[in-house]
Amino acid sequence: GTNNNLPYISLVVGCIIALMTLAIVFSFSRSQQSNYLKQLITDNASAAIFTTDTNGFCTFINPAAEKMMGYTFEEIRKKPLHTLIHHSYANGKPFAMEDCPMHNAARVGYEIKDHEDVFITKDGKLLNVSCSARHILHFGKPLSTLLEVRDITEEKKAKQALIDTANQLKIINTDLD
């Protein structure tokens, strides 16, 4: 009786364990593929991407951010991001971290879109940027800030050139009258 069913029970239990193992491996593989795809997208994004914790310390930067600001992740993670790239206004006047809208996005829990500002690169160059900042919630509490930054220096130069040309045309038209 019972001994005759033992091989079948062992076979069924073995098949169940094998199927569960296969499901776990498949799930892990899909997770790895998803993580790889996210990494691929982040690494190839043209915008600089930063994440900071609620204290403003950088927890992630993509290659575009490293290239734009001149810092490696190892350098930038040691101090609050604001103190490295946003510590002063364009005129050189100090810019307090508690006044920084990007720093406050995570703490206060609001979103910033297309905010024009000036960041300072590692070598001290002023960079005209457009920023979007969004807080990331974890169980309803602010966990970090996602900061996307685009260099708009060339756009601003082109816009100023158009304004200068328009003003010159007005002067020429006034002279002709």
Side-chain angles (χ1 to χ4, degrees), residues 28-167:
F28 180 73
S29 173
R30 301 262 307 166
S31 173
Q32 291 291 90
Q33 286 176 345
S34 175
N35 289 341
Y36 176 74
L37 182 60
K38 289 174 189 170
Q39 185 69 45
L40 197 61
I41 291 168
T42 306
D43 284 353
N44 289 286
S46 58
I49 300 171
F50 303 84
T51 59
T52 60
D53 63 17
T54 54
N55 295 318
F57 283 81
C58 196
T59 54
F60 172 83
I61 61 173
N62 70 341
E66 288 182 349
K67 184 178 177 189
M68 181 184 290
M69 301 313 302
Y71 289 100
T72 64
F73 177 67
E74 283 305 310
E75 293 172 311
I76 212 163
R77 73 182 185 88
K78 295 175 183 171
K79 294 182 178 179
L81 185 62
H82 177 87
T83 63
L84 292 170
I85 68 170
H86 206 206
H87 52 79
S88 302
Y89 291 97
N91 63 9
K93 180 181 165 203
F95 187 11
M97 192 160 89
E98 47 280 354
D99 296 333
C100 177
M102 273 72 72
H103 174 70
N104 289 324
R107 294 185 317 114
V108 181
Y110 64 89
E111 193 171 328
I112 299 166
K113 286 188 179 241
D114 302 321
H115 169 75
E116 287 193 18
D117 215 320
V118 175
F119 282 178
I120 301 121
T121 64
K122 182 180 177 181
D123 62 6
K125 182 178 150 198
L126 297 179
L127 206 59
N128 291 299
V129 295
S130 175
C131 307
S132 294
R134 176 181 310 133
H135 65 286
I136 299 170
L137 296 177
H138 184 66
F139 296 111
K141 291 187 174 189
L143 175 70
S144 63
T145 301
L146 172 66
L147 180 63
E148 298 170 68
V149 181
R150 282 187 322 105
D151 180 351
I152 59 168
T153 303
E154 294 305 314
E155 291 173 33
K156 290 195 72 91
K157 284 180 186 175
K159 186 177 180 180
Q160 189 58 50
L162 284 172
I163 291 169
D164 293 346
T165 300
N167 288 336

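Worth saying up front: this structure is predicted, and the values here are computed from it rather than measured.
- Put simply, the side chain of Phe50 reaches to within 4.5 Å of the side chain of Met69, judged on heavy atoms.
- Taken to the nearest 0.5 Å, the CD1 atom of Ile136 stands 5.0 Å off from the CG atom of Leu146.
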>> The test is side chain to side chain contact (heavy atoms under 4.5 Å, CB included); show your working for Ile85 and Ile120 and say whether it passes.
In response: CA-CA 5 Å; Ile85 68 170; Ile120 301 121; 5.6 Å; no
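- Between the NE2 atom in His87 and the CE atom in Met97 there is a gap of 13.0 Å [rounded to 0.5 Å].
- Summarising the geometry, atom CG belonging to Asp117 is positioned 3.0 Å from atom NE2 belonging to His86; distances are rounded to the nearest 0.5 Å.
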>> Pair Ser144, Phe60 - check side chain to side chain contact (heavy atoms under 4.5 Å, CB included), show working.
In response: CA-CA 11 Å; Ser144 63; Phe60 172 83; over 6 Å; no
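- Scanning all heavy atoms of the two residues, the minimum distance from Glu116 to Lys156 falls at OE1-NZ, 3.2 Å.
- Every pair passing salt bridge (charged side-chain N to carboxylate O under 4.0 Å, His left out) that includes a residue from residues 61-76 is listed here, sequence neighbours excluded: Glu74-Arg77, Glu75-Lys122.
- In this structure, His82 and Ala96 approach most closely via the heavy-atom pair NE2-C, 3.6 Å.
- His135 NE2 to Glu111 CD: the interatomic distance, rounded to the nearest 0.5 Å, is 8.0 Å.
- The two atoms that bring Pro101 and His115 nearest to each other are CG-NE2, 4.1 Å, heavy atoms only.
- The CZ atom of Phe119 lies 14.5 Å from the NZ atom of Lys125; values are rounded to the nearest 0.5 Å.
- Here the CZ-CD distance, from Arg134 to Glu148, works out to 6.0 Å after rounding to the nearest 0.5 Å.
- Nearest heavy-atom pair across Thr52 and Thr59 is N-OG1, 3.8 Å.
- The shortest distance between side-chain heavy atoms of Ser132 and Asp114 falls below 4.5 Å.
- Judged by distance alone, with hydrogens and angles left aside, the side-chain atoms of Asn62 form a donor-acceptor pair with the main-chain N or O of Ala47 at under 3.5 Å.
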> Can Leu147 and Thr51 be said to form a side chain to side chain contact (heavy atoms under 4.5 Å, CB included), step by step?
Replying inline: CA-CA 6 Å; Leu147 180 63; Thr51 59; over 6 Å; no
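- Residues passing the side-chain contact (heavy atoms from CB on, under 4.5 Å) test with Leu84 are Tyr71, Ile76, Lys79, sequence neighbours excluded.
- For Tyr89, the ring pair (Phe, Tyr, Trp, His ring centres under 6.0 Å) test picks out Phe95, with sequence neighbours left out.
- Ala64 approaches Ser46 most closely through the heavy-atom pair CB-O, 3.8 Å.
- For the residue pair Cys58 and Ile61, the shortest heavy atom distance occurs at SG-CG2, 3.3 Å.
- Checked by atom type and distance alone, the side chain of Asp53 pairs as donor or acceptor with a backbone atom of Asn55 at under 3.5 Å.
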